[in-house]
J.: 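Next up is a structure, given as structure tokens.
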Amino acid sequence: MAQSPFLWRVVWCLPLTVPAHHRMIAIPRPLRLTFYALLIIAGAVLAAALATRQAERQALVDEAARANQQLALYANSLHTLIERYRALPAVLALDSEMISALKGPLDTATQDELNRKLERINGAAQSSTLELMDRTGLAVAASNWALPSSYVGHNYAFRPYFSQTKSQGTGRFYAVGVTTGIPGYFLSSAVLDEHEQFLGAMVVKLEFPELEQEWAQGNDLLLVSDARGIVFIANQPGWRYRNLRPLSANDLAELKATRQYDKKQLLALETDTLQRFDENSHLMRVNGPDGSAQYIWESLPLKAEGWTLHLLRKPQFPFEDQRNAGLAAAGSWLALVFLALFLSQRWRLARLRQRSREELEQLVEERTQALRTAQDGLVQSAKLAALGQMSAALAHEINQPLTAQRMQLATLRLLLDHGRVDDAYKALTPLDDMLTRMAALTGHLKTFARKSPSGLRERLDLATVVDQSLHLLDARLRDEAIGVVLDLTRPAWVRGDAIRLEQVLINLLRNALDAMADKPRKRLEIRLHADQQLWLLTVSDSGGGIPEEHLNNVFDPFFTTKPVGDGLGLGLAVSFAIVHELGGRLIADNQGDGATFTLTLPIALETPDLC
């Protein structure tokens, strides 16, 4: 029943009611694209921020490494300066005048001579001061004897370097001079008599104002701290006499006893570790004389002196490097995103192509199966058509034995009626031969008419296939007085389907017989021989051959040179398809006074049985 267009419009305009739990919010495509774009931009910004932060961290690590290398150079300059004077007190302690002066009472003339000698040596060595102390720690001679701050007459037995020299032979100690108020590093060596008895100590004092001035030329802050963490050398005065860690009660008592930093106020230096690079390398926030600031703090222990050299450097963060790192990270993120989008698109296209390929393969498989089924049906139809065309000759072939058998049976009755049993028994022999022949013929017809599956590959003798084909056509060959020439190599092993090969042979033989039907000379030649790895089967006739213009079309479907009604032109096409499926070839040519069809098949090698 036809429906009104108006009814469709009404139905289209009705609201569609969908349950709430089945509803899905459809996000508009522009909104989705905007969301994805914002997500990509946010990712790029995050990547740039992380890269900038990482570049800052790496810059700190690199700067710390450079600062550590620079610190090693500063430590080497300090060590060189100290080593220049380390042997001086030991050399002076071997001076005979020094030893003689400490052995006995020291008169004024001898003391004056020693003072002037030490003054000359101090000037030549460019040290701060030189002094000679007796076994009680009293300074008996000094290079600064002429100054108001002369050491002569003062007792320094309370200094650790004196007690170290007395017990160990050498001493070292950094302290603020109690007489001069000037800090310096005291190096001492014992003065011994010929019996290795302690007579006193020879002391050299080193001051480091020039070293501090040299260090002040750079941008780094340099500090030297003692074993208690008290800074006593600094290239910036405000940082001197700062303790880097809290002092214990024992530390304070010892400092008071030795008067190491006499009359100097010690202030705590507040620090906070922000990042640790290694054991002696940190990023720290320091509340120093100039206020709070961040420093890369590098430390290097000076084991020979028991000190620690520190380098403080304000971190530098090059804007250009951070910017380049951020841009590189953002670019890498965008590259990865676009690569992911590209790969996703390729994956989707690959899936689409794979699905299309699978659908196409399925369609091809279905069409192939349909064509195979149609071909099998066509082969079977052609086979049955051939049987139909041979039916008259086959009926005649069967009818003659039946007539002969009827007459033979009548003869047997007469013999039996007359009691001639032996003669009757002898008459059964030709009757049995005729029945055997008829059974073989009908059995072969049943086999030939059976529908065989395509793709069958069995090892068979091609010469036997020729014999079976000639057997089916034997009646026609005799009726038409065909001269048959057989030249067959036996056995001729091939792999294929015997029934289908027999169908090919029957088609070729029937075509040859049809071509010679009106010819006075009827000669059929069938030859089978091997050529390298192939069997060549030729069927030649004397039927006048195939016109040259038709040679290229004889295997085309529905092509025939026979009169209308004598054939559909499918026999050779079907035969060509069967041979091609078996891996062979079928070709047509003219030779002599007829046509020659050559069938080529690979030789089937015998496969040994595996135990």
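Small disclaimer: the values here were computed from a predicted structure and weren't measured.
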J.: Atom CZ in Phe576, atom CG in Leu599: separation rounded to 0.5 Å?
T.: 11.0 Å

J.: Could you check if a side-chain atom of Ile40 sits within less than 4.5 angstrom of a side-chain atom of Leu334, using non-hydrogen atoms only?
T.: yes

J.: Between side-chain atoms of residues 528-540 and protein atoms elsewhere (two or more places apart, or another chain), which donor-acceptor pairs fall under 3.5 Å?
T.:
unit_1, atom_1, unit_2, atom_2, d
Trp535, NE1, Trp493, O, 3.0
Ser540, OG, Thr596, OG1, 3.0

J.: Go through the steps to decide whether Asn553 and Asp556 satisfy the test side chain to side chain donor-acceptor pair (under 3.5 Å), and finish with yes or no.
T.: CA-CA 5 Å; Asn553 307 108; Asp556 294 343; 3.2 Å; yes

J.: Does NZ belonging to Lys519 count more than 12 external heavy atoms closer than 6.0 Å?
T.: yes

J.: Between Gln275, Arg285, Met284, which is the residue that forms a side chain to side chain contact (heavy atoms under 4.5 Å, CB included) with Gln294?
T.: Arg285

J.: Are Gln503 and Ile499 side-chain neighbours, meaning at least one heavy-atom pair lies under 4.5 Å?
T.: no

J.: Quick one, Asp541 and Lys522 - any side-chain contact, counting heavy atoms below 4.5 Å?
T.: no

J.: Do the side chains of Arg313 and Glu63 get close enough for a salt bridge, i.e. N-O under 4.0 angstrom?
T.: yes

J.: Using the side chain to side chain contact (heavy atoms under 4.5 Å, CB included) rule, take Thr598 and Asp589 through it: C-alpha gap first, then chi angles, then the decisive distance, then the call.
T.: CA-CA 8 Å; Thr598 303; Asp589 198 5; over 6 Å; no

J.: Over all heavy atoms of both residues, which pair between Asp593 and Arg521 is shortest? Give the atoms and the distance, please.
T.: OD2-NH1, 2.9 Å

J.: Report yes if some heavy atom in the side chain of Leu470 is under 4.5 Å from a heavy atom in the side chain of Ile526; otherwise report no.
T.: yes

J.: Can you check whether Ala492's main-chain N or O pairs, donor with acceptor, with Asp461's side chain at less than 3.5 Å?
T.: yes

J.: Keeping Ser344 on the side-chain end and Ala340 on the backbone end, is there a donor-acceptor pair under 3.5 Å?
T.: no

J.: Consider only side-chain N and O atoms of Ser281 and Glu298, and report whether a donor and an acceptor are under 3.5 Å apart.
T.: yes

J.: Are side-chain heavy atoms of Val465 and Val504 found at a separation under 4.5 Å?
T.: no

J.: Can you name the closest pair of heavy atoms from Ser299 and Leu71 and give their distance?
T.: C-CD2, 3.7 Å

J.: Is the count of non-hydrogen atoms from other residues, nucleotides or ligands lying under 6.0 Å from His550 atom NE2 greater than 12?
T.: yes

J.: Given the rule in the side chain to side chain contact (heavy atoms under 4.5 Å, CB included) test, do Leu508 and Leu586 qualify, once you have shown the distances and angles that lead to the verdict?
T.: CA-CA 10 Å; Leu508 296 179; Leu586 181 61; 4.2 Å; yes

J.: Taking all heavy atoms of Asp278 and all of Asn280, pick out the closest pair and write down the distance.
T.: OD1-N, 3.0 Å

J.: Side-chain contact test, heavy atoms from C-beta onward, threshold under 4.5 Å: evaluate it for Leu524 versus Met516 and give yes or no.
T.: yes

J.: Do Arg355 and Glu358 meet the salt-bridge criterion of a basic N to acidic O distance under 4.0 Å?
T.: no

J.: Considering only NZ, NE, NH1 and NH2 on the basic side and carboxylate oxygens on the acidic side, decide whether Asp474 and Arg478 come within less than 4.0 Å.
T.: yes

J.: Answer whether the closest heavy-atom distance between the side chains of Leu582 and Arg495 falls below 4.5 Å.
T.: no

J.: Roughly how far, to the nearest 0.5 Å, is the CZ atom of Arg500 from the OG atom of Ser575?
T.: 11.5 Å

J.: Rounded to the nearest 0.5 Å, how far does CG of Asp220 lie from NZ of Lys314?
T.: 11.5 Å

J.: Report the C-alpha separation of Ile482 and Arg523 in whole Å, then their side-chain angles, then the decisive distance to 0.1 Å, and conclude whether the side chain to side chain contact (heavy atoms under 4.5 Å, CB included) test is met.
T.: CA-CA 6 Å; Ile482 304 297; Arg523 179 182 176 87; over 6 Å; no

J.: Hey, is Asp467 close enough to Arg490 for a salt bridge, meaning N to O under 4.0 Å?
T.: yes

J.: Within a reach of under 6.0 Å around CG of Asp417, are more than 12 heavy atoms found that belong to other residues, nucleotides or ligands?
T.: yes

J.: Whether the side chain of Ser332 engages the backbone of Ala328 through a donor-acceptor N/O pair (distance < 3.5 Å, no angle test) should be reported.
T.: yes

J.: Check whether any side-chain heavy atom of Ile603 sits under 4.5 Å from a side-chain heavy atom of Val494, and report yes or no.
T.: no

J.: Kindly determine whether Leu283 and Trp297 satisfy side chain to side chain contact (heavy atoms under 4.5 Å, CB included), including the steps that lead there.
T.: CA-CA 6 Å; Leu283 175 65; Trp297 191 307; over 6 Å; no

J.: Enter the distance from Leu460:CG to Leu462:CG here, rounded to the nearest 0.5 Å.
T.: 7.0 Å

J.: How long is the straight-line distance from CD1 of Ile587 back to CG of Leu551, given to the nearest 0.5 Å?
T.: 11.0 Å

J.: Would you name the heavy atoms of Thr489 and Ala463 that are closest together and state the gap between them?
T.: O-CB, 4.1 Å

J.: Any donor-acceptor pair under 3.5 Å linking the side-chain atoms of Arg357 with those of Gln354?
T.: yes

J.: Which distance, rounded to the nearest 0.5 Å, do you find between the CG of Leu501 and the CG of Leu601?
T.: 6.0 Å

J.: Give me the ring orientation class for Phe597 and Phe555: parallel if the planes are under 30° apart, tilted from 30 to 60°, perpendicular past 60°.
T.: perpendicular

